[in-house]
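Chain letters run A, B, ... following the sequence lines, proteins first, then strands; residues in each count from 1.
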Amino acid sequence: MAKNQQNTLEKIVSLSKRRGFVFQSSEIYSGLNGCWDYGPLGVELLRNVKDAWWKAMTYREDVEGLDASILMHPRVWEASGHVENFTDPMVDCKQCKSRYRLDVLYESYNEKRRKKIADAYAVLLTDKGEDGEAFKAQPREQQLEVAGDALVDHAEVFNAMNEKELLVCANCGSTGSFTVPRKFNLMFKTFVGPVEDSNAVVFLRPETAQGIFVNFGNVSQATRQKVPFGIAQIGKAFRNEINTKNFLFRTREFEQMEMQFFVKPGTDDEWYEQWRDMRLQWFIDHGMKKEKLRMHPHADDKLAHYAKAAVDIEYEFPFGWGEIEGIHNRTDFDLRRHQEFSGKGLEYFDQESQEKYIPYVIETSAGASRSLMAFLVDAYEEEELEKETRTVLRFHPKLAPFKAAVLPLVKRDGMDEIGMKLYRDLQKDFKVFYDDSGSVGRRYRRQDEIGTPFGITVDSETLEDQTVTVRDRDSMQQERVSMDALRGYLSDKLSV
RNA sequence: GCGGGUGUAACUCAGUUGGUAGAGUGUCAGCUUCCCAAGCUGAAUGUCGCGGGUUCGAGUCCCGUCUCCCGCUCCA
């Protein structure tokens, strides 16, 4: 990683704090790992990103909106596979610092070693006063399986084996060098109701998608939509990541912008390609540099448990390429599982073909926080002028926190009053900023730094003909516009 | 979670062998200023990440803890 690029991220983090885009969560208490707060400018930017997505995705005849609750029935996560796939006991080798999932480690052992482990397990059982002989009476194959499961599922078994130096590190060959197994449950757990009873455990959703799947029937009923159609949702999701890193990129609380598109099986590949291309184009349409974007298809053996095909839309951050959106062909996995677990029929009757089927699902899943960060990084530029460097955020006007700043050239001859009136007038339709302090050049720079696309100045000519100057953030060129026409002028620029 | 680095004013940082904190930028007020960080005058802001310890005395030494950064690991 180039050092100057790393500095770029540091500068953006610093700017974000200084100007109020992003603050560290609970900062006065020294922060909370992996959590960030959006300040006055950040929340505008985030809203604009989400609004742009919402309009692109749901202002169309075949996609409906939804806002499902964050807490869902615990069975949802059993059906989705998250309970199973989100809890992996792991250990580190103290010698070489390698980390293993216990089941993977056990898988890597040959039969000889497994037999040793099984024998030791029999002794262990006897020591505990259980029937080790009965265990040994089982067929060898079964012994290995039972002992393996015990090793993976019970930390005390693992620890005992480890102490007996039966467990070897696949990387450095050390024995007895493992840490105590730790369970990494990536789902946040909490309790429904005031009693912390194990029956009351629920999870904070690790993805918004399941809220869509469980509402598939409700939405199609309520809206009379016919397959193919989609359901879109924006909302918070939570994952207890082992490590957070890279500013907003990997956080424990984040916001997703997801759409699940239900299609007839057999047409899924076609829809997959179509949504993939549309989603890439969305980022480009909102100002992101084409050369900083790429498609990264997942290899078949790296696919998630629910997916038949997957591609990431990646952005080239200062720390490298990172996923900002994933497009998955989730097949009928989720609906089928929910049908199975809930006992409620989720089949769709296709009137046209007179067929009953469980629809396939094409998922577009974008990170709102990651997208915001990509837009922020992409917009950031230090422009070399003759005698200085101008820091400017070249946001697409649609995304910019402030659309315009009203800046009276000087604070006299009534220019500030006219400016204030203009500001109040524009404020009815646009998020605008007013500033009459100091030199106008200084004020332009301040607005450049937060990405305000237009600077409107009131000058002596305004007093005579009711026109103001509009200065373009990127070119710094100015044009005169009549005050009456300003609203239309801004609307035009923002609708592009 | 492991290893390395880091944490001093809003930001970027300085702080000499331990003697109770400075600079630049920014911010604010005033003057000046008819278009791109101008100038002048003045002002505010820190229990030096947090908690212990050593010491007559700790930003400076020791221990713990937390944050952030880099690497490893993880990433359904």
Next on the checklist: From CZ of A:Arg443 over to P of B:C34, roughly how many Å is that when rounded to an integer?
Outcome noted: 12 Å

Item to check | With sequence neighbours excluded, residues passing side chain to side chain donor-acceptor pair (under 3.5 Å) with A:Arg294 | outcome: A:Glu314

Checklist entry - Given atom CG of A:Asn33 and atom P of B:U67, what is their separation to the nearest angstrom? => result 5 Å

Checklist entry - Can you list the residues that meet the side chain to side chain donor-acceptor pair (under 3.5 Å) rule with A:Gln447, with sequence neighbours excluded? => result A:Thr452

Polar-atom pairs under 3.5 Å, protein N or O versus N or O of nucleotides 26-33 of chain B: list them with distances, or write none.
from, atom 1, to, atom 2, distance (Å)
B:U27, OP1, A:Arg446, NH1, 2.2

Checklist outcome for this item: Across all chains, not counting sequence neighbours, the side chain to side chain donor-acceptor pair (under 3.5 Å) partners of A:Arg480 are A:Asp459, A:Glu461, A:Thr467

Next on the checklist: Partner lookup for B:U16, please. Criteria are Watson-Crick or G-U wobble with both distances under 3.5 angstrom; report none if nothing qualifies.
Outcome noted: none

Checklist outcome for this item: Across all chains, not counting sequence neighbours, the ring pair (Phe, Tyr, Trp, His ring centres under 6.0 Å) partners of A:Phe247 are A:Trp36

Item to check | Listed partners of A:Glu417 passing salt bridge (charged side-chain N to carboxylate O under 4.0 Å, His left out), at least two apart | outcome: none

Next on the checklist: Below 4.0 angstrom, which residues in residues 327-342 of chain A have at least one non-hydrogen atom near RNA chain B?
Outcome noted: none

Checklist outcome for this item: Taken in chain and number order and not counting sequence neighbours, the residues that satisfy salt bridge (charged side-chain N to carboxylate O under 4.0 Å, His left out) with A:Arg276 are none

Item to check | Set of side chain to side chain contact (heavy atoms under 4.5 Å, CB included) partners for A:Gln339, sequence neighbours left out | outcome: A:Leu346, A:Glu347, A:Ile358

Checklist outcome for this item: Rounded to whole Å, CG of A:Leu9 lies from P of B:C11 at a distance of 16 Å

Next on the checklist: Nearest whole Å is fine: how far is B:C35 P from A:Met415 CE?
Outcome noted: 11 Å

